[in-house]
A.B. asks: 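One structure, as structure tokens, below. Some questions next.
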Protein chains: 2
Amino acid sequence: MASDLSPPRSPVRPVEVDRSSPVPLYFQVASRLQELIEAGEIGVGARIENEVDLAERLGVSRPTTRRAIQYLVERGMLVRKRGVGTQVVHPKVRRPVELSSLYDDLVTADRKPRTEVLQLKVIPAPAEVAEALELSPGTEVTWIERLRYAGGEPLALMHNAIPLGLIHLEADDLARHGLYELLRRAGYQPRIATQVIGARSANAAEARTLQEKRGASLLTMTRTAWDVSGRALEYGSHVYRASRYSFELNLSAG
Amino acid sequence: MASDLSPPRSPVRPVEVDRSSPVPLYFQVASRLQELIEAGEIGVGARIENEVDLAERLGVSRPTTRRAIQYLVERGMLVRKRGVGTQVVHPKVRRPVELSSLYDDLVTADRKPRTEVLQLKVIPAPAEVAEALELSPGTEVTWIERLRYAGGEPLALMHNAIPLGLIHLEADDLARHGLYELLRRAGYQPRIATQVIGARSANAAEARTLQEKRGASLLTMTRTAWDVSGRALEYGSHVYRASRYSFELNLSAG
DNA sequence: TTTTTTAGTTTGTCAGGACAAAGTATTGAC
DNA sequence: GTCAATACTTTGTCCTGACAAACTAAAAAA
């Protein structure tokens, strides 16, 4: 019997599972729940049905139900408390699902990007680069210098080093596609990266290239990216015009 | 019988579980595995024993073993492939465990922090702040201006707004503790935040306060933080001396 | 009235078993 | 020798069942 508690317990009506589908049951359940939550049918703060009842009503086992709920907990849509129940979390809090993608593509989003390849050659890795990529000093790498425009204006000056043998790069490809896209296409999926974001003033050459005044503030970002097996894919050292660019990130704790 | 495959299959020797301990079995198993991996006893790239055998040898059920392994997979130490096995991932790739904490405390880590409270008062929220905290324009908030030193030198000028009623702040407390520590102590745990990181040049007042030259590059960071229930906890607008500070982050892609 | 005890609810942990799906290695046919 | 079929290994999904731990709320005792 439903008790009368202040956060109403929504009944989660028409959820059914399709056992002939190749989609795992737990995922079907999670998806249905997610739909109901996003459609607002299970209002924020409301407690969902308890595991045991939900499982019984859907005709699946409790572990399957648990796994579905766990899945949504992990992406921040639900919170569980032992002895209490499972609540829907405020939507604003549900963002950080994809905090984690690595994109040059902040640009690609809405502004018209254009890339000019200033340099493309093979050089012995400078000490800093070799260390970042975990190569012996002097190992050769592909070295790229690109100037990226957005909306017709220069936005960033980007230097990258890529270990030889990973991928063969043509200036043409680089002009038309992002580096990460090219890497992915060659079968290398960046999974982990460490970034350092800082700022400094533009020197004369940078100011000229980026059409800024000398001494203008620049955002700097250096990054090393690895694939899932720990192979270093890329080292990058970029400077952005602070007047036109900023980093936006979503963090989640615990 | 162990086959002879190029990545050697480590035997994961002396792992035992303590059933009288209050620590969950799956967590004991995960911890032991993690130790072995971090001590290098299961070398990078090596496959660990398969679930079934491991479970049997430890005297726990397969679901428990699975859960332990899953736990390490989620924090990026292991990779599993159906039909193949479970491999240890390169250590460099294991970082992003705690990308997710919100800290002022980058500073507190090793450098001696000191905080000077320049302002502490209640004011109607400016438009930008009100929007960030999802308050009606003009709602009163606690407004703080702090100057943070590290190693005897000024490092950052920080402005924060906190909704009234959350917490009563004293200049004394703020001088001795981080804002997040005070919030946590009052029972408010920041869970989600959105940050924007940019750069600009210091104006005269900022330069004076931070002991920089006028026009020096500053790193800027504005942030809004929410707790798990979606309540807005804090809005912050900080500027850092770019010559002394940078943001370091670890990203991981889904 | 206030505090303590008790009972009830709900999630957390764990076992053991069964079959499916995805790879890998071996075998057999051509 | 090359290619396809087969067997094997390993993780993925799912079930039933049981008890423990945390929390809430009601009942009992002070």
Side-chain angles (χ1 to χ4, degrees), chain A residues 1-12 17-31 33 46-74 78-89 228, chain B residues 1-10 12 16-31 33 46-74 78-89 228:
Chain A
M1 218 127 306
S3 53
D4 265 278
L5 296 158
S6 22
R9 182 179 322 192
S10 307
V12 192
V17 295
D18 174 7
R19 285 184 179 272
S20 67
S21 160
V23 177
L25 286 181
Y26 80 89
F27 194 80
Q28 290 185 39
V29 175
S31 302
L33 280 174
R47 294 208 319 235
I48 67 171
E49 216 175 354
N50 73 65
E51 291 176 1
V52 183
D53 292 356
L54 183 57
E56 191 178 359
R57 203 160 48 71
L58 299 179
V60 299
S61 73
R62 189 181 156 211
T64 300
T65 310
R66 267 186 79 75
R67 186 160 176 192
I69 293 174
Q70 192 57 38
Y71 180 82
L72 296 178
V73 168
E74 269 155 23
L78 297 174
V79 189
R80 346 182 58 176
K81 282 198 202 111
R82 193 195 293 204
V84 180
T86 305
Q87 275 189 320
V88 177
V89 165
V228 71
Chain B
M1 220 124 307
S3 52
D4 266 277
L5 296 159
S6 25
R9 180 180 322 191
S10 306
V12 191
E16 280 153 31
V17 294
D18 174 7
R19 284 184 180 274
S20 67
S21 160
V23 178
L25 285 182
Y26 81 89
F27 194 80
Q28 290 185 40
V29 175
S31 302
L33 280 173
R47 295 207 319 235
I48 68 172
E49 214 176 354
N50 74 64
E51 292 175 2
V52 183
D53 292 356
L54 183 57
E56 192 177 358
R57 202 160 51 69
L58 298 180
V60 301
S61 71
R62 191 183 158 210
T64 301
T65 310
R66 267 186 80 74
R67 186 159 177 192
I69 293 175
Q70 191 58 40
Y71 181 82
L72 295 178
V73 168
E74 269 155 23
L78 297 174
V79 189
R80 344 183 61 176
K81 282 195 201 114
R82 192 195 294 205
V84 179
T86 305
Q87 276 189 321
V88 176
V89 165
V228 70

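Labels below follow one simple rule: chain letters A, B, ... track the order of the sequence lines, proteins then strands, and each chain is numbered from 1.
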A.B. asks: Please list all pairs meeting salt bridge (charged side-chain N to carboxylate O under 4.0 Å, His left out) that have one or both residues in residues 63-72 of chain B, counting only residues at least two apart or in different chains.
C.D. replies: B:Glu51-B:Arg66
A.B. asks: Once you round it to whole Å, what is the distance between P of D:dT10 and CG of B:Leu78?
C.D. replies: 16 Å
A.B. asks: Which residues pass the side-chain hydrogen bond (donor to acceptor under 3.5 Å, both in side chains) test with A:Thr65, sequence neighbours left out?
C.D. replies: none
A.B. asks: How would nucleotides 11-19 of chain D be written as a contact map, 5' to 3', with B for base contact, S for sugar-phosphate-only contact and - for no contact, using protein heavy atoms under 4.0 Å?
C.D. replies: BBBSSB-B-
A.B. asks: Figure out the CD/C1' separation between B:Glu56 and C:dG17, and round it to whole Å.
C.D. replies: 14 Å
A.B. asks: Using the test side-chain contact (heavy atoms from CB on, under 4.5 Å), find all partners of B:Val52 that sit at least two apart in sequence or belong to another chain.
C.D. replies: B:Asn50, B:Arg62
A.B. asks: Could you list the residues that satisfy side-chain contact (heavy atoms from CB on, under 4.5 Å) with A:Glu56, not counting sequence neighbours?
C.D. replies: none
A.B. asks: What integer distance in Å separates B:Tyr71:OH from C:dT13:C1'?
C.D. replies: 15 Å
A.B. asks: With sequence neighbours left out, what residues match A:Ser31 under side-chain hydrogen bond (donor to acceptor under 3.5 Å, both in side chains)?
C.D. replies: none
